[in-house]
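Remember, predicted model here, so these are calculated numbers, not experimental data.
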Amino acid sequence: MDQNTIMLIIWLSVFVLALIAEFATDALVSVWFCIGALAALGVTYIPGTPLWVEITVFFAISTICFIALRPLAKKLLFRNMSHTNIDEIIGKKGKVTKLIGELENGEVKINGVIWTAMKMEDATEIQKDAVVEVVAVNGNKLVVKEYIH
């Protein structure tokens, strides 16, 4: 095998591995190495190109694409993912249906739906029938504080 064929295989391997890594995450990091690998693969077809030029092209194109295109790609791909329906429950008032104690979660009814709820860390236990306000969501539990009129 000549050096060009070996480099073609190497750049195709880098492309495939970076593509697999990108599909395994959602961080938009490896896709830029895919673009760099394709650029280096194209340079390999130029007869007499030294290895250092291919490597330089790979890193330069990957870096340029990462710096220039990543913010735009993140903005376009993740624009609807920053806000979910559960975020809309923050600030809502509800009624405690099961005591929210020091060590155990309780329950809160908001808009006819029963939610598992926990109190804020520094708060005391919240009695049944108290009115609470949702201050955060922690996993599938609401974090609440007693609402004072």
Side-chain angles (χ1 to χ4, degrees), residues 5-45 51-149:
T5 306
I6 292 170
M7 290 313 297
L8 288 171
I9 292 170
I10 288 173
W11 292 122
L12 281 173
S13 299
V14 170
F15 172 79
V16 169
L17 290 173
L19 194 61
I20 290 169
E22 186 60 42
F23 282 129
T25 67
D26 62 356
L28 284 177
V29 174
S30 303
V31 70
W32 315 117
F33 294 121
C34 291
I35 297 168
L38 290 176
L41 181 67
V43 171
T44 303
Y45 282 105
L51 177 60
W52 69 268
V53 172
E54 293 177 30
I55 293 171
T56 302
V57 166
F58 169 74
F59 282 112
I61 296 297
S62 297
T63 302
I64 290 168
C65 288
F66 178 78
I67 292 169
L69 299 176
R70 187 171 189 259
L72 177 65
K74 280 186 81 169
K75 183 178 177 183
L76 293 174
L77 292 174
F78 300 124
R79 65 177 167 222
N80 293 330
M81 295 178 75
S82 63
H83 183 74
T84 62
N85 288 343
I86 194 68
D87 294 328
E88 293 179 10
I89 201 160
I90 296 173
K92 298 270 186 187
K93 310 311 184 272
K95 186 175 183 180
V96 177
T97 58
K98 179 181 172 190
L99 173 93
I100 304 171
E102 291 292 323
L103 301 175
E104 65 275 346
N105 296 324
E107 293 178 350
V108 174
K109 187 174 187 177
I110 300 174
N111 295 335
V113 178
I114 303 289
W115 296 83
T116 301
M118 54 195 276
K119 64 181 186 56
M120 292 176 45
E121 284 186 30
D122 57 345
T124 59
E125 67 180 28
I126 303 173
Q127 300 297 319
K128 183 178 178 188
D129 295 327
V131 176
V132 292
E133 179 179 0
V134 179
V135 294
V137 177
N138 184 358
N140 63 348
K141 296 176 190 71
L142 302 180
V143 179
V144 298
K145 67 177 184 179
E146 195 156 4
Y147 180 71
I148 301 170
H149 313 289

Subject >> Closest contact, heavy atoms only, Phe58 versus Ala37 >> reply: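 Closest approach of Phe58 to Ala37: CD1-N, 3.4 Å.
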Subject >> Where Glu102 and Glu125 come nearest, the two heavy atoms and their spacing >> reply: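 Closest approach of Glu102 to Glu125: OE2-N, 3.5 Å.
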[atom1]/[X] to [atom2]/[Y] distance, rounded to the nearest 0.5 angstrom?
X      : Y      : atom1 : atom2 : value
Leu17  : Leu12  : CG    : CG    : 11.0 Å
Ile100 : Lys141 : CD1   : NZ    : 12.5 Å
Met118 : Asn138 : CE    : CG    : 5.0 Å
Leu38  : Ile61  : CG    : CD1   : 11.0 Å
Lys119 : Glu104 : NZ    : CD    : 9.5 Å
Lys98  : Ile126 : NZ    : CD1   : 14.0 Å

**OP:** Indicate the ring-plane relationship of Trp32 and Phe66, choosing parallel, tilted or perpendicular according to the 30° and 60° boundaries.
**Re:**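 If you compare the ring of Trp32 with that of Phe66, the planes turn out perpendicular.
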For the residue pair [X] and [Y], establish whether any side-chain heavy-atom pair is separated by less than 4.5 Å.
X      : Y      : answer
Val108 : Lys95  : no
Leu41  : Phe15  : no
Val144 : Trp115 : no
Ile110 : Leu142 : yes

**OP:** Might you work through the side chain to side chain contact (heavy atoms under 4.5 Å, CB included) test for Val132 and Lys145, ending with a clear yes or no?
**Re:** CA-CA 5 Å; Val132 292; Lys145 67 177 184 179; over 6 Å; no
**OP:** Please name the residue in the list Thr63, Leu69, Ile64 that meets the side chain to side chain contact (heavy atoms under 4.5 Å, CB included) test with Ile67.
**Re:**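 Only one option passes, and that is Thr63.
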Original post:
Between the main-chain N or O of Ile114 and the side-chain N or O of Glu107, is there a donor-acceptor pair closer than 3.5 Å?
Top reply: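 No.
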Subject >> Test item: Ser30 side-chain N/O and Leu19 main-chain N/O as donor-acceptor pair under 3.5 Å >> reply: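 A pair under 3.5 Å: no.
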Subject >> Heavy atoms from other residues, nucleotides or ligands near NZ of Lys93 exceed 12 (cutoff 6.0 Å) >> reply: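 Atom NZ in Lys93 is crowded, with more than 12 foreign heavy atoms closer than 6.0 Å.
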